[in-house]
Every structure is written in C-alpha cells, then in structure tokens.
Amino acid sequence: MALSTQPYKGARDFYPEDKRFQKYMFGKLRQVAERFGYEEYDAPILESIDLYLAKSGSEIVNEQTYVFKDRADREVVIRPEMTPSASRMVAGRRQELGYPLRWYSIPNLWRYERPQRGRLREHWQLNVDVFGLPGIEAEVELIQLSSAIFKSFGATPAMYEIRLNSRKLMDFALHNYLGLTEVEAYSMAKLIDRMHKIDRTEFIGLADAVLSPSEREAGAVEKLLKVLDARRLSDLPALLVAHESVVALQKLLDSLTTSQISNVRFDPTIMRGFDYYTDIVFEVVDLHPDNNRSMMGGGRYDGLVGLFGVDPVPTVGFGLGDVTLQNFIELHDLLPKLRSESDVYLATIGDVAAGAQLAVAQLREMGVNVAVGATGRKLADHFKLAEKKHIHYVVIVGEQELASEQYTLKNLQTTESALHSLPRIVSIVKDYRAS
RNA sequence: GCGGGCGUAGCUCAGUUGGUUAGAGCGCUGGCUUGUGGAGCCGGAGGUCGUGGGUUCAAGACCCAUCGCUCGCCCCA
C-alpha cells in the first residue's frame with residue numbers, strides 16, 4: 001500500500017507558490033499593523049486546557065479542539081485561537097507593560113471540525129489587540145486599521161462592508177426592552193446571530209419558540225423585529241435610542257466618517273458567537289456573492305485579562321482569517337503577479353564550471369539571489385525553466401563571458417539580452433527587485 | 001456529529017441503455033543538433049477507472065460497504 005501524498009484532512013501544504021502568496025499576504029498585514037504602531041508577539045502553539053475551559057466551557061473545548069495528554073498526563077490543547085494566549089501574556093506582565101499596549105500576531109491555529117468553504121481545520125489568523133484604552137478611540141483605531149488592511153490589498157470600499165453593533169445595546173434590548181430572562185436572552189442572541197441564514201418566517205417561528213406565552217402576547221417578536229430591522233441608529237425604538245451604548249456607537253460612526261471610512265454601518269444582527277465580548281462588536285463582510293461571509297470579527301472584551309487574577313485591562317481586538325481573506329483577494333481579482341525569491345537564474349554554456357562559480361559567488365556576495373541551472377542543458381531549456389519558476393532574469397556564463405568579464409543578462413519578459421559587468425548586473429537586478 | 005454532491009492520466013474532464021486492447025486537451029518528456037525559449041511538426045512515458053466485496057457470460061458504468069474530496073448544517077474562537 002503506497003503512502004498517501006495528501007495533506008492531513010482540513011490542512012494545507014504550502015508549495016513554494018502558495019508560500020509566496022502567504023508571504024505577500026502576511027507582509028501586507030505586518031506592514032499595516034506596524035504602521036499603526038503595533039508590535040508583533042507570539043506564544044506557544046500548545047496551551048494547557050485550563051486556559052480555554054475558563055473561557056469557553058468544556059463542551060466546545062472537548063469537541064472542537066485538538067486535545068491530548070502529554071507524556072506526563074497534562075491535558076494539552078493545540079491553540080484554536082490567540083486571544084486567551086495574548087491575555088495570559090499581558091496578565092503575566094500586567095504591571096510592567098506600558099499602556100496603551102498595541103500587539104499583533106499571525107498565529108497558526110487549529111480547530112477540530114468538518115472542513116468547509118472558508119473554514120479549514122488549520123488556518124492562520126491575524127490578531128490585533130489594543131490593551132489599556134477604555135474609550136471609543138480604541139475601536140476607532142482598530143477599524144481604521146482593518147480598513148487600511150483591505151486598502152493595502154487594493155480593495156475598494158464597494159467590495160466589503162464593516163458592520164458594527166453593541167453587546168450592551170443588545171443586552172439592554174433583550175432584557176429591558178423585551179423583558180426576556182437570562183436564558184431566553186442567551187438563546188435569542190444565538191438565534192439573531194444566524195438570522196441571515198434563515199428566512200424571515202422561519203426566524204419568526206424560532207423566535208416565538210424562545211419566548212414565553214405572556215411575552216409573545218406582549219408583542220415581543222414585533223418589538224424584536226423593529227430592533228433588528230434598524231438600518232441606522234435612528235431607526236431604533238425611542239427607548240433604545242436614548243441608551244448610552246447608542247451614543248457610543250454614534251460617536252464611533254461619526255469618527256469613522258471623519259476618517260473617510262464610508263462602508264461602515266450599524267447592524268443589530270451582528271452578535272459574535274462568543275460570550276467574552278462586553279461592548280462594541282464588529283465584523284468585516286465580503287460583499288462578493290460567492291463569498292458572502294464574515295472575514296474578520298472582533299470587539300471589546302474588558303474582562304479577559306482579569307481572569308488571571310490581576311486587575312482587569314480594557315481590551316479591543318479582532319481576528320482576520322487567512323482563508324477567507326485569500327478567497328476575498330482571489331474573487332475580487334486582487335492577486336498580484338508574485339516574483340520568485342531568486343533574482344537571476346544562471347545558465348552555463350560549455351565547460352565553464354570553475355569560472356562560473358566565481359561569478360556566482362560574486363553576485364551572491366553583492367546581495368543577488370542566484371539559482372544555478374543544471375550544467376549541460378540547452379539555453380532554451382534554461383529559459384523555459386527560469387520562466388516556469390517566475391525568475392525574471394537569466395545570466396549566461398560561457399567562454400566568451402569569462403574571457404571578457406562581461407556577462408550576458410537576459411530579461412525573459414522583454415526577451416532582450418545584453419552584456420554587462422557583474423556590478424552593473426547587480427544594479428539592474430536590484431532596481432527590478434525594488435520596482 | 002448530521003445531510004447533499006463528486007471520485008477515470010500530474011491537471012480539467014469525455015466515456016452513449018453494461019459489450020472486446022481506456023480517450024481528449026493541457027502539462028511532462030525526447031527529437032526537428034550543439035550560444036537565445038515561448039509557435040509549429042513528429043515521437044514517448046504515464047491509468048490494477050479511490051479501495052473492497054457483490055450482481056452478470058461480460059462492470060469505469062449497476063448494487064452494498066469503506067475511504068477520500070467538496071458544499072451545506074451544528075458551531076464559529
């Protein structure tokens with residue numbers, strides 16, 4: 001029985017062309033995060049199971065993560081998300097870190113579930129968090145940052161939308177405006193979260209089922225729909241418009257408008273699945289019909305650092321997954337032509353191995369990445385191979401070149417070739433690399 | 001964990017109501033000769049038709065099982 005060449009279920013191999021794209025993508029993410037003053041951090045890919053049990057409950061940890069026992073019987077989890085690790089690290093040096101603390105990371109994460117479009121078992125996720133800012137300026141900054149990320153990939157505002165909501169507002173709406181109990185509000189929040197997946201009649205039926213008969217008679221469903229149908233804050237029922245969370249949302253929307261971010265709107269159906277969010281939540285949604293899903297999600301979670309027994313630190317953060325981002329880039333035709341890491345492909349003609357070695361060494365010494373072709377091939381084969389590997393230039397070394405110390409540099413795209421000194425070749429190649 | 005779709009060459013696929021030695025395009029490879037490629041022409045390699053069982057004189061095709069991929073549900077960190 002032959003060994004399978006397939007990668008593990010739900011995980012990907014990164015062949016050089018895939019890795020090259022990933023490097024491009026991550027490079028942009030790092031560049032933008034750092035432009036906003038964020039510092040990169042990392043943590044171990046393995047964490048104690050306790051870190052997730054405290055936050056998520058045992059069910060999701062046992063069923064949706066990779067859990068195993070190490071040789072000393074410790075229960076270990078392959079990290080399914082970065083937020084707990086980041087909170088752990090911040091709590092660990094709570095006193096000595098200066099605030100606001102701006103951190104980002106691009107961890108490789110694993111979740112145990114059936115793979116589907118945009119959602120694999122293995123993925124990478126940009127995590128950006130700002131710690132120590134209790135005010136709305138933190139949310140403003142993070143949404144500006146996400147907007148800058150999409151811009152850096154060449155996306156226009158028409159391609160995606162930023163949607164905002166407030167957990168505080170929804171809690172108030174469910175408890176005080178609709179009068180739901182704790183349990184009902186929880187179920188209703190989950191239902192609202194998947195409202196866009198089901199049709200309206202079905203939604204109304206399911207919402208009805210959550211409510212008690214008296215609440216139903218009091219018109220709770222109608223009141224709920226009035227909340228959920230609001231396209232702007234002013235559409236909300238008067239009792240809610242006056243709430244402090246609406247003031248905060250309005251302030252956030254105003255700031256973003258001032259920052260020229262136009263594709264942002266209030267959306268009361270944005271709930272975010274997990275419970276640690278405490279206030280404003282947001283998502284970035286791809287508007288392409290074939291990828292109509294959330295690419296990025298985040299919000300404020302002021303309580304997490306405090307779980308480690310230190311004073312709480314107000315925090316806002318978001319995660320952006322590589323799989324949906326890649327889908328976005330491909331579907332909107334934003335994929336750039338990516339170049340090889342090699343600047344030149346070196347082709348020898350005749351028995352010039354010793355002399356060519358010297359030229360190669362000099363080129364490398366001067367900072368040029370040189371891939372050397374196999375000896376004894378025809379020039380045409382060298383060209384084809386270099387082209388296939390997306391290498392832009394071929395340097396030809398033969399008897400003539402060695403005698404004159406002028407080397408043939410061929411541009412595979414223009415097909416032009418000319419003789420140059422090695423330093424000249426270095427400068428041409430580096431100019432191209434920088435272009 | 002649940003449901004739908006699909007597994008034929010490296011890739012994309014075609015294979016007529018079951019009928020002899022399994023096909024195309026692209027890709028790969030050799031040549032059209034030895035210092036300038038992408039075209040064209042002529043060759044070549046490569047498939048126990050995902051796997052195992054069954055029905056049949058006969059299975060790539062039909063049935064069962066199993067594995068894998070994929071899309072969706074649950075869940076979404």
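Just so it is clear, the values below take in all heavy atoms, side chains as well, and ignore hydrogens, waters and symmetry mates.
Inspection of the Tyr66(A) and Arg111(A) side chains reveals no N or O donor paired with an N or O acceptor under 3.5 Å. Side-chain contact check for Ser152(A) and Gln31(A): no donor-acceptor pair (N or O, by modelled atom type) lies under 3.5 Å.
A salt bridge is absent between Glu416(A) and Lys410(A): the closest approach of a Lys/Arg side-chain nitrogen to an acidic carboxylate oxygen does not fall below 4.0 angstrom.
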Handout entry: Pair assignment for RNA chain B - dot-bracket with | for other-strand partners, Watson-Crick or G-U under 3.5 Å
Key = (((((((..((((.....[...)))).(((((.......))))).....(((((..]....))))))))))))....
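Partners of Glu215(A) by salt bridge (charged side-chain N to carboxylate O under 4.0 Å, His left out), not counting sequence neighbours: none found. By the side chain to side chain contact (heavy atoms under 4.5 Å, CB included) test, Pro289(A) pairs with no residue at all, sequence neighbours left out. Not counting sequence neighbours, the partners of Ile49(A) by the side chain to side chain contact (heavy atoms under 4.5 Å, CB included) test are Leu53(A), Val61(A), Asn62(A), Val67(A), Glu75(A), Val77(A). For Asp18(A), there are no salt bridge (charged side-chain N to carboxylate O under 4.0 Å, His left out) partners two or more places apart in sequence or in a different chain. Shown here are the salt bridge (charged side-chain N to carboxylate O under 4.0 Å, His left out) partners of Arg117(A), two or more places apart in sequence or in another chain: there are none.
Rounded to whole Å, the distance from CD on Glu283(A) to C1' on rA77(B) is 12 Å. Following rounding to the nearest Å, Asp322(A) (CG) and rA77(B) (P) show an atom-to-atom distance of 16 Å. Per the geometry, OH belonging to Tyr393(A) stands 16 Å off C1' belonging to rU36(B), to the nearest Å. Nucleotide rC76(B) holds its P atom 12 Å from the OH atom of Tyr277(A), rounded to whole Å. Whole-Å rounding puts the Asp13(A) CG to rG10(B) P distance at 17 Å. In this structure, CG of Leu379(A) is placed 7 Å from P of rU36(B), rounded to the nearest angstrom. Separating the CD atom of Glu17(A) from the C1' atom of rG10(B) is a distance of 13 Å, rounded to the nearest angstrom. If you take NE2 of His196(A) and P of rG72(B), they are 11 Å apart, rounded to a whole angstrom.
Separation of the P atoms belonging to rU70(B) and rC11(B) is 14 Å when rounded to the nearest angstrom. For the P atoms, the distance from rG47(B) to rG23(B) is 14 Å, rounded to whole Å. A gap of 9 Å separates the C1' atoms of rC13(B) and rU8(B), to the nearest Å. Across rA14(B) and rA77(B), the matching C1' atoms stand 45 Å from one another, rounded to whole Å. Comparing rU51(B) with rA59(B), their C1' atoms are spaced 16 Å from each other, to the whole Å. Of the C1' atoms belonging to rU66(B) and rC26(B), the separation is 33 Å, rounded to the nearest Å. As rounded to the nearest Å, rU55(B) and rC64(B) have C1' atoms that lie 11 Å from one another. Taking atom C1' on both rA9(B) and rG53(B), the two are 26 Å apart, rounded to the nearest angstrom.
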Could you list, one pair per line, each protein nitrogen or oxygen that sits under 3.5 Å from a nitrogen or oxygen of nucleotides 65-71 of chain B, together with the distance?
unit_1, atom_1, unit_2, atom_2, d
rG68(B), O2', Gln6(A), OE1, 3.3
rG68(B), O2', Gln6(A), NE2, 3.3
rC69(B), OP2, Lys9(A), NZ, 3.0
rC71(B), OP2, Arg117(A), N, 3.4

Taking N or O atoms only and anything under 3.5 Å, show me the protein contacts with nucleotides 41-51 of chain B, one pair per line.
none

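Nearest heavy atoms, Met159(A) versus Ala155(A): SD-CA, 3.7 Å. The shortest heavy-atom contact between Glu401(A) and Val397(A) is OE1-C, 4.0 Å. When all heavy atoms of Phe36(A) and Ala148(A) are compared, the pair lying nearest together is CE1-CB, 3.8 Å.
Applying the side-chain hydrogen bond (donor to acceptor under 3.5 Å, both in side chains) test to residues at least two apart or on different chains, the pairs with a partner in residues 316-330 of chain A are Arg12(A)-Asp322(A), Gln326(A)-Glu330(A). Sorted by first and then second residue, the pairs that involve residues 419-435 of chain A and meet salt bridge (charged side-chain N to carboxylate O under 4.0 Å, His left out), not counting sequence neighbours, are Asp343(A)-Arg433(A). Listed by first then second residue, pairs satisfying salt bridge (charged side-chain N to carboxylate O under 4.0 Å, His left out) with a partner in residues 196-205 of chain A read Arg200(A)-Asp229(A), not counting sequence neighbours.
Nucleic acid contact class of Ser294(A) (heavy atoms, under 4.0 Å, all strands): none. Residue Leu412(A) is in base contact, counting any heavy-atom pair closer than 4.0 Å across all strands shown. The residue Gln413(A) sits apart from the nucleic acid: no heavy atom pair falls under 4.0 Å. Residue Glu416(A) is classed as having no contact, given no heavy-atom separation below 4.0 Å to the nucleic acid.
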Practice task
For salt bridge (charged side-chain N to carboxylate O under 4.0 Å, His left out), just list the numbers for Glu113(A) and Arg121(A), CA-CA rounded to whole Å, side-chain angles, deciding distance to a tenth of an Å, and then say yes or no.
Solution key: CA-CA 6 Å; Glu113(A) 61 178 13; Arg121(A) 287 183 166 185; over 6 Å; no
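An OP1 or OP2 oxygen of rC73(B) is reached within less than 4.0 angstrom by a side-chain nitrogen or oxygen of Lys197(A). OP1 and OP2 of rC75(B) both lie 4.0 Å or more from every side-chain N or O belonging to Lys190(A).
No hydrogens or angles were tested; on distance alone, nothing pairs the side chain of Thr415(A) with the base of rG37(B) as donor and acceptor under 3.5 Å. A donor-acceptor contact under 3.5 Å links the side chain of Arg119(A) to the base of rC76(B). No donor-acceptor contact under 3.5 Å links the side chain of Gln64(A) to the base of rG1(B).
Here the two rings, on Tyr432(A) and His392(A), have centers that are under 6.0 Å apart.
Nearer the 5' end of RNA chain B, as judged by each residue's closest nucleotide, is the contact made by Ile396(A), out of Ile396(A) and Glu113(A).
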Exercise for the section: If a protein heavy atom is under 4.0 Å from the base, mark B; if only from the sugar-phosphate, S; if neither, -; do that for nucleotides 26-33 of chain B going 5' to 3'. Expected result: --S-----
